[in-house]
Q: 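Encoded as structure tokens, here's the structure I'll be asking about.
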Amino acid sequence: MQTKVKGMGGVLMMVVLFIVFLFPLDVSAGESASAARVGYYEDGDYMYHNAQGEYEGYNFEFLQEVSKLSGLSYEVVDSPSWQEAFRLLIDGRIDILPAVYRTESRMDQMLFTDESMCTIYTTLNVRMDDNRYNYEDFDAFQGMKVGIIKGGEDGESFKRYCAENSVTLTIVEYDETQKLLDALGNGTLDGVAITHLGRSSVFRSVARF
């Protein structure tokens, strides 16, 4: 999983770039002439607002460490969805988007680092009380209605996983992570294929890839 600076590909790139540029140490969500613009969208344990409306999650903890090493300051730019945040990155309206999977097509749109900001995997998740599905029960997976994030590498990875295991099902695309998870919670979907949701997840993983 990686990020951007021209479009970027691993926030670790920022360690190098911001050591060179020496931005003043200041972590905030406000405007700053010298601050790097960081894209935000709701992403489970990785990026979220806490009860006080503050930004929390692994991505922000990582950026805090980058800031300590480099003097980076940044402002957070909110987006309603992964798709919109990615578009802001491509259009140059933000400088960093943590985190973006490295793919061949994206290599032409943005810069990626050799080192990743983390190693992560995609999971197929179902409701905790849905006993129809056990771990990698491919027979049970047949005919499922599974949601993915439109344009995300998670969804493409899931499609490949299904093809490799001869699973035929219905895939529904969503623009926003929260709407995707809400659809699973209310029974509209049988499952969601998405980046590992973390310890706070109220759902159960039945596949990992």
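For reference, positions follow the sequence shown, starting with 1.
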Q: What ring-ring contact (aromatic ring centres under 6.0 Å, His included) pairs are there with at least one residue in residues 164-187, not counting sequence neighbours?
A: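 For residues 164-187: none.
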Q: Between Arg37 (side chain) and Gly92 (backbone), is there a donor-acceptor pair under 3.5 Å?
A: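 Yes; at least one donor-acceptor contact below 3.5 Å.
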Q: For Asp130 and Val126, indicate whether the former's side chain and the latter's backbone hold a donor-acceptor pair under 3.5 Å.
A: no
Q: Ion pair present between Glu176 and Lys150, side-chain N to carboxylate O less than 4.0 angstrom?
A: no
Q: Answer yes or no: is there a side-chain heavy-atom contact under 4.5 Å between Met47 and Glu56?
A: no
Q: Quick one: list whatever passes ring-ring contact (aromatic ring centres under 6.0 Å, His included) with Tyr40, sequence neighbours left out.
A: His49, Tyr55
Q: How far does CD of Glu61 sit from CG of Asn59, to the nearest 0.5 angstrom?
A: 9.0 Å
Q: Answer yes or no: is there an ion pair linking Asp190 with Lys145, defined by an N-O contact shorter than 4.0 Å?
A: no
Q: Are any non-hydrogen side-chain atoms of Met128 and Phe203 less than 4.5 angstrom apart?
A: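 Not touching, per the 4.5 Å side-chain cut-off.
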Q: Taking the side chain as everything from C-beta on, heavy atoms only, tell me whether Asp43 gets closer than 4.5 Å to Tyr48.
A: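 Not touching, per the 4.5 Å side-chain cut-off.
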Q: Looking only at non-hydrogen atoms, find the nearest pair between Leu184 and Leu189 and report the distance.
A: CD1-O, 3.6 Å
Q: Can you tell me how far the CD atom of Glu42 sits from the CG atom of Asp78, to the nearest 0.5 Å?
A: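 That separation rounds to 10.0 Å.
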Q: Taking only residues two or more places apart in sequence, or in another chain, which ones meet Glu104 in a side-chain contact (heavy atoms from CB on, under 4.5 Å)?
A: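 Checked Glu104 against side-chain contact (heavy atoms from CB on, under 4.5 Å); zero matches.
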Q: Can you tell if the side chain of Leu180 reaches within under 4.5 Å of the side chain of Ile194, non-hydrogen atoms only?
A: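 Yes, their side chains come closer than 4.5 Å.
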Q: Under 4.5 Å between any side-chain heavy atoms of Ile149 and Thr177, yes or no?
A: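 Counting from C-beta outward, Ile149 and Thr177 do come under 4.5 Å.
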Q: Please state whether the rings of Phe60 and Tyr74 are parallel, tilted or perpendicular, taking 30° and 60° as the class boundaries.
A: parallel
Q: Ring-plane angle category for Tyr133 and Phe141, please: parallel below 30°, perpendicular beyond 60°, tilted otherwise.
A: tilted
Q: Find out if a path of hydrophobic residues (ILVMFWY) with successive side-chain heavy-atom gaps under 4.5 Å connects Met144 to Val172.
A: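 Cluster IDs for Met144 and Val172 differ.
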Q: Can you check whether Val66's main-chain N or O pairs, donor with acceptor, with Ser70's side chain at less than 3.5 Å?
A: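 A pair under 3.5 Å: yes.
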Q: Can you find a side-chain donor-acceptor pair between Glu156 and Tyr161 that sits under 3.5 Å?
A: no
Q: State plainly whether the residues Asp175 and Lys179 are in salt-bridge range, i.e. N to O under 4.0 Å.
A: no
